[in-house]
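FYI, side chains are in, hydrogens and waters are out, and symmetry mates aren't considered; it's all heavy atoms of this structure. Letters A, B, ... mirror the listed sequences (proteins, then strands); counts begin at 1.
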2 protein chains.
Amino acid sequence: METRELRYFVAVAEELHFGRAAERLAMAQPPLSRAIQQLERRLGLLLFHRTARGITLTDAGSVLLLEARTVLDAVEAAERRTRRAADRPGVVLAAKAGASSELLSKLLDAYAAEPGAVAVDVMLCGPGETEGLLRTGRADVALLHRPYDTTAGFDTEDLYSEGQVVVLPAGHALANRPQLSMAEVSALTDPPLPRWPRRDGSYSDGVGPQVRDHTQLTQLITLGRACAVMPESLGAQLRVDHAVVPVPDAPAVTTVIAWQPLTRTKAVADLVRTATRL
Amino acid sequence: METRELRYFVAVAEELHFGRAAERLAMAQPPLSRAIQQLERRLGLLLFHRTARGITLTDAGSVLLLEARTVLDAVEAAERRTRRAADRPGVVLAAKAGASSELLSKLLDAYAAEPGAVAVDVMLCGPGETEGLLRTGRADVALLHRPYDTTAGFDTEDLYSEGQVVVLPAGHALANRPQLSMAEVSALTDPPLPRWPRRDGSYSDGVGPQVRDHTQLTQLITLGRACAVMPESLGAQLRVDHAVVPVPDAPAVTTVIAWQPLTRTKAVADLVRTATRL
DNA sequence: GCCGGCGATACCGCACCGGTATCGGTCCTG
DNA sequence: CAGGACCGATACCGGTGCGGTATCGCCGGC
């Protein structure tokens with residue numbers, strides 16, 4: 001199987017329409033149809049159910065869609081990492097904007113003091129993006145936050161674990177409570193909890209404001225338009241003008257440093273070692 | 001980058017010789033040279049240092065070698081898994097021959113009793129092979145043994161942890177000791193410790209007999225030609241005619257169940273859940 | 001019954017892949 | 001120091017196959 005074929009297949013599988021897929025691939029529809037047929041013939045199975053009105057994925061096709069995506073990610077990562085190795089400008093570290101800033105600065109300082117330290121490009125990104133950056137080789141190392149980020153497929157080391165708090169407007173009815181339960185927090189509506197985008201970028205139905213990153217969330221909280229559950233360290237930054245109440249039964253948030261398995265770079269190893277020693 | 005180019009590159013990088021690589025690929029040398037040149041041109045960097053007497057990998061080339069191998073493994077896995085999804089004969093579970101046999105039979109029985117259980121093909125293999133089987137999609141799930149197997153890049157759940165023992169001939173001078181240290185065990189020469197193959201299949205220099213799998217090891221121990229450190233559960237099978245002495249400072253061996261991250265198969269999930277409940 | 005939408009088929013030209021023959025440079029050897 | 005062996009690069013050529021346009025077959029809706 002050639003990556004070209006996999007790229008074609010993923011386009012068709014995602015669009016479920018040969019014409020649109022061909023357009024996305026900047027090519028005509030007939031060669032695309034033929035390429036998929038050839039792929040099916042070589043695999044000896046059908047990837048799509050064809051009706052005159054459209055196509056759907058077969059079971060085998062659904063499996064190949066998942067597998068093909070990981071292959072294409074790996075190819076992209078291979079290309080990026082090879083290019084980076086030729087330029088040697090150092091490592092790229094990805095982290096969610098706004099999160100773990102104290103840990104991050106400590107890590108960067110400590111690593112810079114290591115013998116043989118190379119330049120570290122810090123890549124700040126929105127929530128949920130970090131995983132993809134690491135998977136496609138745009139970043140070499142990342143700071144992730146379990147259970148918000150999924151660490152499947154990466155090697156990780158736990159760095160720091162903390163409880164969560166809920167941030168409320170200063171005068172809120174629950175502001176003076178010593179602690180709140182998740183049940184109480186989930187029921188909040190006055191300033192409601194925000195809605196985060198799903199993996200595909202869409203939002204669930206509901207009443208809370210839609211937010212895409214931590215900056216937006218902070219602003220909404222400051223405006224008194226949202227409450228939010230967040231790790232202690234983030235809540236601490238908002239203590240002025242807000243009430244911050246612990247939520248003991250919320251899942252603990254663990255900051256981990258993650259990297260692609262089988263990475264053999266000295267710089268990545270040094271960074272991880274430095275981080276675990278903090 | 002097409003997988004064909006990556007296959008060519010890996011062959012050349014491993015042989016470090018265009019002629020031999022071409023032979024291995026069953027093609028002539030000139031098109032191979034040209035393909036590599038084209039790859040280098042597209043990447044905008046050199047993958048090999050060329051001298052008139054031979055070639056060596058550049059830094060970028062070394063990186064690409066690692067990355068390309070993971071890409072090719074992923075492609076192979078994609079093909080295998082897609083084919084398997086079309087046939088639907090169930091899941092393939094890989095395990096080291098001879099190891100964890102009790103755990104394995106319990107797992108298979110318990111899983112078979114689950115509602116919605118599918119057929120489980122058990123694939124018994126030599127030590128060190130399991131990892132590759134999982135990585136290339138020949139197996140869906142595997143029982144691995146840390147720290148002997150590396151679990152990098154897989155999702156795992158710990159199943160069972162046990163100490164290690166050393167197995168000695170019945171009349172051995174140390175046979176009556178209540179326990180032994182790793183230092184004492186490492187110094188054994190009368191029946192020496194065996195030598196296991198490295199990843200590439202070669203053996204280190206030394207005096208011990210060369211073994212490839214557990215059957216060979218068992219036979220050598222029975223013949224009084226080798227001592228060996230192994231998990232308690234394995235040592236227990238050899239208790240007749242041998243002395244089995246605990247080695248408390250040997251690393252504990254943990255049997256884990258492992259699978260490829262991002263696998264969404266119900267059968268794999270059921271197997272893992274069943275295993276963790278044992 | 002006609003039209004519109006979708007995927008498949010037919011056919012064509014050209015790029016690219018792989019083959020053979022050969023070159024250029026370096027090291028070993030007599 | 002000349003000759004040869006070895007190795008990778010270059011030159012050139014034929015065939016495969018990829019992508020393009022034109023068109024068909026099929027089904028549903030108006």
Side-chain angles (χ1 to χ4, degrees), chain A residues 1-62 64-65 68 71-72 75 79 86, chain B residues 1-62 64-65 68 71-72 75 79 86:
Chain A
M1 287 196 300
E2 292 305 310
T3 64
R4 183 182 54 85
E5 300 177 296
L6 292 178
R7 266 184 273 268
Y8 289 2
F9 170 74
V10 169
V12 177
E14 284 178 355
E15 299 285 345
L16 287 179
H17 190 292
F18 278 83
R20 282 196 300 273
E23 194 179 349
R24 195 170 112 184
L25 293 165
M27 65 185 290
Q29 169 257 322
L32 180 57
S33 284
R34 221 184 25 197
I36 300 293
Q37 285 176 46
Q38 184 175 323
L39 182 59
E40 289 178 321
R41 211 176 327 121
R42 277 210 270 259
L43 285 169
L45 48 87
L46 286 180
L47 296 168
F48 295 101
H49 293 124
R50 276 110 163 144
T51 77
R53 299 305 286 172
I55 53 175
T56 52
L57 279 168
T58 62
D59 289 347
S62 312
L64 186 58
L65 179 55
V71 168
L72 295 180
V75 169
E79 196 164 331
Chain B
M1 287 197 300
E2 292 304 309
T3 64
R4 183 183 52 86
E5 299 177 297
L6 292 179
R7 265 185 272 269
Y8 289 1
F9 169 74
V10 169
V12 177
E14 284 179 355
E15 299 286 345
L16 286 179
H17 190 292
F18 277 83
R20 280 195 300 274
E23 195 179 348
R24 195 170 110 182
L25 294 165
M27 65 185 291
Q29 168 258 320
L32 180 56
S33 285
R34 218 185 27 196
I36 300 292
Q37 285 175 44
Q38 184 176 324
L39 182 58
E40 288 178 321
R41 210 173 332 117
R42 278 209 270 258
L43 285 170
L45 49 87
L46 287 179
L47 296 168
F48 296 100
H49 293 124
R50 276 109 162 145
T51 77
R53 298 306 286 173
I55 53 176
T56 52
L57 279 169
T58 61
D59 290 346
S62 313
L64 185 58
L65 179 55
V71 168
L72 295 180
V75 169
E79 196 164 331

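Proximity note for A/P30 (side chain, C-beta onward) versus D/dG19, C/dG19, C/dA8: the nearest is C/dA8.
Separating the CD atom of A/E23 from the P atom of C/dG5 is a distance of 14 Å, rounded to the nearest angstrom. Rounded to an integer number of Å, the gap from A/H49 NE2 to C/dC6 C1' is 18 Å. The interatomic distance linking A/Q38 (CD) with C/dA8 (C1') rounds to 15 Å, in whole Å. Rounded to whole Å, atom C1' of C/dG18 lies 16 Å from atom CZ of B/R7. Between A/M27 atom CE and D/dG17 atom P the separation is 16 Å, expressed in whole Å. Rounded to an integer number of Å, the gap from CZ of A/R4 to C1' of C/dA15 is 13 Å. Between the CG atom of B/L32 and the P atom of C/dT20 there is a distance of 14 Å, given to the nearest Å.
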Short heteroatom pairs, N/O only, protein and nucleotides 6-8 of chain D, under 3.5 Å:
from, atom 1, to, atom 2, distance (Å)
D/dC7, OP1, B/H17, NE2, 3.2
D/dC7, O5', B/H17, NE2, 3.3
D/dG8, OP2, B/F18, N, 3.2

Give each protein N/O atom lying under 3.5 Å from an N/O atom of nucleotides 13-16 of chain D, with the pair distance.
none

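Residue A/L39 holds its CG atom at 8.0 Å from CG of A/L45, rounded to the nearest 0.5 Å. Once rounded to the nearest 0.5 Å, the distance linking CD1 of B/I55 with CD1 of B/I36 reads 8.0 Å. A distance of 10.5 Å separates CZ in B/R4 from CZ in A/R4, rounded to the nearest 0.5 Å.
Residues satisfying the side-chain hydrogen bond (donor to acceptor under 3.5 Å, both in side chains) test with A/R34, not counting sequence neighbours, are none.
The environment of A/E23 atom CD is sparse: at most 12 non-hydrogen atoms of other residues, nucleotides or ligands sit within 6.0 angstrom.
When heavy atoms are screened at a 4.0 angstrom cut-off, B/Y8 is found touching the sugar-phosphate backbone but no base atom. Residue B/E2 is classed as having no contact, given no heavy-atom separation below 4.0 Å to the nucleic acid.
Between A/R50 and A/F18, the shortest heavy-atom contact is NH2-CZ, 4.1 Å.
Contact check on B/R7 versus B/E2 returns no salt bridge, with no Lys/Arg side-chain nitrogen under 4.0 Å from an Asp/Glu carboxylate oxygen.
A/S33 and A/Q37 are not linked by any side-chain donor-acceptor pair at a separation below 3.5 angstrom, with hydrogens and angles left out of the test.
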Go through the steps to decide whether B/E40 and B/F48 satisfy the test side-chain contact (heavy atoms from CB on, under 4.5 Å), and finish with yes or no. CA-CA 9 Å; B/E40 288 178 321; B/F48 296 100; 4.3 Å; yes
